[in-house]
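All remarks here apply to the structure that follows.
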Amino acid sequence: MPIDDMLEYNQHFVRNKQYIPYETDSYPNKKMVVLTCMESRLVELLPKALNIQNGDVKMLKNAGAIIRKPFDTVMKSILIAIHNLRAEQVLVIGHYDCGMAKINTENFLNNMFAKGISEETIDIVERSGINIAEEFHGFATVEESIQQSVNMIKNHPFLPKNIKVHGLAIDPGTGKVDVICRDY
Ligand SMILES: [Zn+2]
């Protein structure tokens with residue numbers, strides 16, 4: 001299993017002191033927090049394409065780089081990065097060809113059924129006040145979604161006035177970024 005390979009690799013990594021080039025402290029050197037998508041094509045490509053080194057930024061990821069609620073875990077992490085970890089800029093980086101543009105609730109529910117989640121469980125969850133369609137809602141266009149996340153951050157009551165919030169869209173093939181909105 002991949003986890004076994006990883007654990008074995010890790011022993012070599014530490015023994016050979018391969019961590020030395022990555023040593024840094026916990027404050028982001030670029031005073032920046034980045035929110036991006038969990039997209040696996042961006043794991044290495046995004047930092048390389050934007051010259052982000054270890055220690056440079058606080059990196060947050062979720063499905064779609066989406067913030068839709070002012071006190072969800074992503075927004076809380078951004079606020080902690082700003083108030084406790086010296087971040088002064090926030091970068092929301094969505095990407096083209098994002099799975100969250102294609103997600104539809106019916107399909108998502110069918111996938112859950114196929115993996116053994118019962119209709120009864122889903123009923124119980126919905127009756128407890130969770131709107132599954134709303135919770136797993138994607139977006140129509142990535143540009144619009146990035147702008148929505150940026151607005152949620154910029155309008156947050158706990159966001160200091162001096163914090164800059166920018167929105168970018170990245171191509172997961174080439175790493176090329178387009179500026180969706182830029183704060184000056
Ligand atoms: Zn994505």
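When atom types are taken as modelled, the side chain of Asp25 and the backbone of Tyr27 share a donor-acceptor pair closer than 3.5 angstrom. Side chain of Asn29 to backbone of Gly55: a donor-acceptor contact under 3.5 angstrom is found. In this structure a side-chain-to-backbone donor-acceptor pair under 3.5 Å is missing from Asn84 to Ile80.
Closest heavy-atom contact between Phe71 and Lys76: O-CE, 3.3 Å. Of all heavy-atom pairs between Cys37 and Lys61, the closest is O-CD, 3.8 Å. Across all non-hydrogen atoms, the minimal contact from His95 to Pro172 is ND1-CG, 4.0 Å. Considering all non-hydrogen atoms of both residues, Met59 and Thr36 come closest at SD-CG2, 4.0 Å. The nearest pair of heavy atoms linking Val150 to His166 is CG2-O, 3.9 Å. Here the closest non-hydrogen pair linking Ala63 and Met38 is CB-CE, 3.8 Å.
Under the 4.5 Å side-chain criterion, counting only non-hydrogen atoms from C-beta, Val74 is not in contact with Ile66. Side-chain contact between Leu35 and Leu91 is absent, with no heavy-atom pair separated by less than 4.5 Å. Two residues are said to be in side-chain contact when any heavy atoms from C-beta on lie closer than 4.5 Å; Phe139 and Glu144 fail this criterion. Using a 4.5 Å heavy-atom cutoff, the side chains of Glu88 and Pro160 are not in contact. The shortest side-chain heavy-atom distance between Ile180 and Leu168 does not fall under the 4.5 Å cut-off. Counting only heavy atoms from C-beta outward, the side chains of Ile78 and Ile153 approach each other to under 4.5 Å. When side chains are defined from C-beta on, Glu39 counts as touching Leu42, because their heavy atoms get closer than 4.5 Å. Counting heavy atoms from C-beta on, the side chains of Val90 and Met32 never come closer than 4.5 Å.
Taken to the nearest 0.5 Å, the CG atom of Asp5 stands 12.5 Å off from the CG atom of Asn10. Taking CG of Asn62 as the start and OG of Ser149 as the end, the distance is 8.0 Å to the nearest 0.5 Å. Note that the CD atom of Glu119 and the CG atom of Leu109 stand 9.0 Å from one another [nearest 0.5 Å]. One distance of note links CD1 of Ile163 with CZ of Phe158; it measures 14.5 Å at 0.5 Å rounding. The distance from the CG atom of Asn110 to the CG atom of Asn104 is 8.5 Å, given to the nearest 0.5 Å. With rounding to the nearest 0.5 angstrom, the CG atom of Leu7 is 11.5 Å from the NE2 atom of His12.
The same ILVMFWY cluster, assembled from side-chain heavy atoms under 4.5 Å apart, contains both Val142 and Ile103. One hydrophobic cluster, built from ILVMFWY side chains closer than 4.5 Å, holds both Ile132 and Phe113. Hydrophobic clustering, with ILVMFWY side chains joined whenever heavy atoms are under 4.5 angstrom apart, groups Ile146 together with Leu159. Using a 4.5 Å cut-off between side-chain heavy atoms of Ile, Leu, Val, Met, Phe, Trp and Tyr, with links allowed through other members, Val179 and Tyr96 fall into different hydrophobic clusters. Val43 and Ile52 are members of different hydrophobic clusters when ILVMFWY side chains are connected at heavy-atom separations under 4.5 Å.
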- Query: Could you walk me through whether Leu60 and Val33 pass the side chain to side chain contact (heavy atoms under 4.5 Å, CB included) check?
  - Reply: CA-CA 8 Å; Leu60 303 170; Val33 47; 3.8 Å; yes

- Query: Please walk me through it: do Ser26 and Lys58 pass side chain to side chain contact (heavy atoms under 4.5 Å, CB included)?
  - Reply: CA-CA 9 Å; Ser26 184; Lys58 291 291 167 193; 3.5 Å; yes

- Passes side chain to side chain contact (heavy atoms under 4.5 Å, CB included), Met152 versus Gln148? Steps please. CA-CA 6 Å; Met152 184 60 78; Gln148 257 183 286; over 6 Å; no

- Item | Test salt bridge (Lys or Arg N to Asp or Glu O under 4.0 Å) applied to Glu134 and Lys69, step by step | CA-CA 12 Å; Glu134 196 179 290; Lys69 295 174 184 168; 5.2 Å; no

- Take Ile93 and Leu50, measure what side chain to side chain contact (heavy atoms under 4.5 Å, CB included) needs, and give me the verdict at the end. CA-CA 11 Å; Ile93 311 179; Leu50 292 168; 3.6 Å; yes

- Message: Applying salt bridge (Lys or Arg N to Asp or Glu O under 4.0 Å) to Asp97 and Lys102, what does each step give before you reach the verdict?
- Response: CA-CA 9 Å; Asp97 191 35; Lys102 299 166 200 153; 3.1 Å; yes

- Message: With salt bridge (Lys or Arg N to Asp or Glu O under 4.0 Å) as the criterion, how do Lys176 and Asp171 come out once you've worked through the C-alpha distance, each side chain's angles and the decisive distance to 0.1 Å?
- Response: CA-CA 5 Å; Lys176 180 183 185 296; Asp171 181 323; over 6 Å; no

- Task: Give the C-alpha distance, both sets of side-chain angles, the deciding distance and a yes or no for side-chain hydrogen bond (donor to acceptor under 3.5 Å, both in side chains) between Asn151 and Gln147.
- Result: CA-CA 6 Å; Asn151 292 348; Gln147 188 67 62; 3.1 Å; yes

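The neighbour count for His156 NE2, taken as heavy atoms of other residues, nucleotides or ligands under 6.0 Å away, is above 12. Around atom CD of Glu106, no more than 12 heavy atoms belonging to other residues, nucleotides or ligands sit under 6.0 Å away. In Lys48, the NZ atom is not crowded: 12 or fewer heavy atoms of neighbouring residues, nucleotides or ligands sit closer than 6.0 Å. Other residues, nucleotides and ligands contribute at most 12 non-hydrogen atoms within 6.0 Å of the OH atom of Tyr22.
Side-chain contact, Arg68 with Ser145: a donor N or O sits under 3.5 Å from an acceptor N or O. One side chain, Asn51 or Gln53, offers a donor N or O that lies under 3.5 Å from an acceptor on the other.
Partners of Phe136 under the ring-ring contact (aromatic ring centres under 6.0 Å, His included) rule, at least two apart in sequence or in another chain, are Phe108.
Using cut-offs of 30° and 60° for the angle between ring planes, the Tyr19 and Phe13 rings count as tilted.
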